[in-house]
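In listed order, ligands and their atoms are each counted from 1. What's counted below: heavy atoms across the whole structure, side chains too, no hydrogens, waters or symmetry copies.
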Amino acid sequence: MDRKLKYPSDADLRRLLRFVPDSGAIWLGERRMVLLHTAALTALRQDLISSVGSEHARRLLTRMGYASGMRDAEFAKKTRSGRPLTEMFLVGPQLHMLEGAARVTPLRMEFDIAAGHFDGEFRWDDSWEAYAHRQKCGVVDEPACWTLLGYASGYTSAFMGRLILFKEVACAACGTDHCHIAGRPIESWPDGESFRHYFEDDSLLQKIEALSLQVEALTSTLEPAAQGGMLVGASKAFRRAHELMQRAANTQVTVLLTGETGVGKERFARALHEMSDRARAPFVAVNCAALPAELIEAELFGVEKGAYTGAHATRAGRFERADGGTLFLDEVGELPLPAQAKLLRVLQESEIERLGAQTTRVNVRLVAATNVDLEEAVKSGRFRRDLLYRLNVYPIRIPPLREREADIEPLAQHMLARFSALHHKRLGGFSDRALQVLQRHDWPGNVRELENLVERGVILASQGETVDIEHLFPNHPEALQTGVDHRGQLAAVTPLQHQELCARIVDSGIALEDLEAQVLALAVERSHGNLSGAARLVGMTRPQLAYRLRRQQTGSAEGDD
Ligand SMILES: [Zn+2]
């Protein structure tokens, strides 16, 4: 180190350090410190690496070092105010040594706080962390002084008032006899941005969530065609849609499937793929509404390692994975505008551009689907008009189930066979009453709603039994005709049915109190004495039910409490 960079005495810093064993505290100025065994830290470090992986461990340790560095920067201005800037800055390296991180030798330092300029290089000898890493992992390829580097970045960033990124040019963990670090504002490093995530808060849970979405999407692409890819239907409305699909199947035309939620657009898209000469190539489905907006471009178009914060590895997008086959974009109306622009480009040029990389040619047949009015979305500025024109070349409207009355029974039978196989049941088909109810329903939830009901029926019916109304609508006594609401959930009886029931009660002449007692007793019996279950059956809370039962037992004489 040249003359200018000689350390001033660290007596002022040593004075900050106070051991107060009686109170069980160690102080550095006003900050409480703790003495740790490096062996314990080494073990923690190793546990982190093996439980969350070295990338994530690196991030956690960098942030820990960063936090200490920032705290220590407070001492610089406090203890050396009025001294030359260099001496003030050297508080950091000197404290880092006092704290036992490494022997720090400044090699070069340039800084201009007003201009935000910093350029510095330091040598570290005997970094505890390089030693710890070598001890556990042997000689490695990548520098490993994560906590120490975090400290250097945190200290210098707090000192300079902007993010200064330190990197290890050489690290003892990689086999050299010392470490060598260099720091500059993050923007001055050509690859600086790819290091920013080490300093940012990041949730492992979010990452897991994103991964589980990916798994879900992948699973859906693996689902074999036989498990429902076949279309069932004979109604006029169905045949019309099917005919349009057949004509489009062996062309390259982009197909837009429209229709209400639950009509089975993915199944139609899959069928289109299977009818086409691309059937042997992949069918890749993406639900645009299910992916977080910030991940969607990377998901569709792929990402080059380091293209953005968190891009740890190069990954092919769905377009590339569907090469030669069909890409199905469900709920395309939910695509964010930047992704729309890229999609338009793919449609125009048949070229995709991974985030941070060059373009690649792809040969993909696009099938998009939407249940929103894209014209409306264009008017309100949420969807690009030029993209709509590109997508809307060959629209096919998938009819809602209520327009396919003739298909309800064949669909239900087909599903019965499929779910029976899935749940290992041999059943005697539907009862006539059950078919009647299915036929009469207006199916706001469409094919998906029918599917949910049939699967429930298959699960509830006993081996060898016929699927009856109570298997499809299990919570309601068969005397009451039940309906299903728009979510496919069982709904209360309709007002008309209420009226009929009330009329019957009044006609019977039964006292209301007795009726209540009987109803409650029935509910308790049906739930096998479980009061919470019984309360649910009659739409009460458990305390409400308990109160009423108690009142009945003690008699109405003292029932006015
Ligand atoms: Zn190192």
Among side-chain atoms of His117 and Glu110, is any donor-acceptor pair under 3.5 angstrom? yes
Assess the pair Phe319 and Phe301: is the distance between their ring centroids shorter than 6.0 Å? yes
Side-chain ion pair, Arg270 and Glu274, N-O less than 4.0 Å: no
Report whether any nitrogen, oxygen or sulfur of Cys179 sits less than 2.8 Å from the Zn ion (ligand 1) (N, O or S, backbone or side chain). yes
With carbon and hydrogen excluded and only N/O/S kept, which atom of Glu168 is nearest the Zn ion (ligand 1)? OE2
Phe283 and Phe328 aromatic ring geometry - parallel, tilted or perpendicular at 30°/60° bounds: parallel
Is Cys171 close enough to the Zn ion (ligand 1) that one of its N, O or S atoms comes in under 2.8 Å? yes
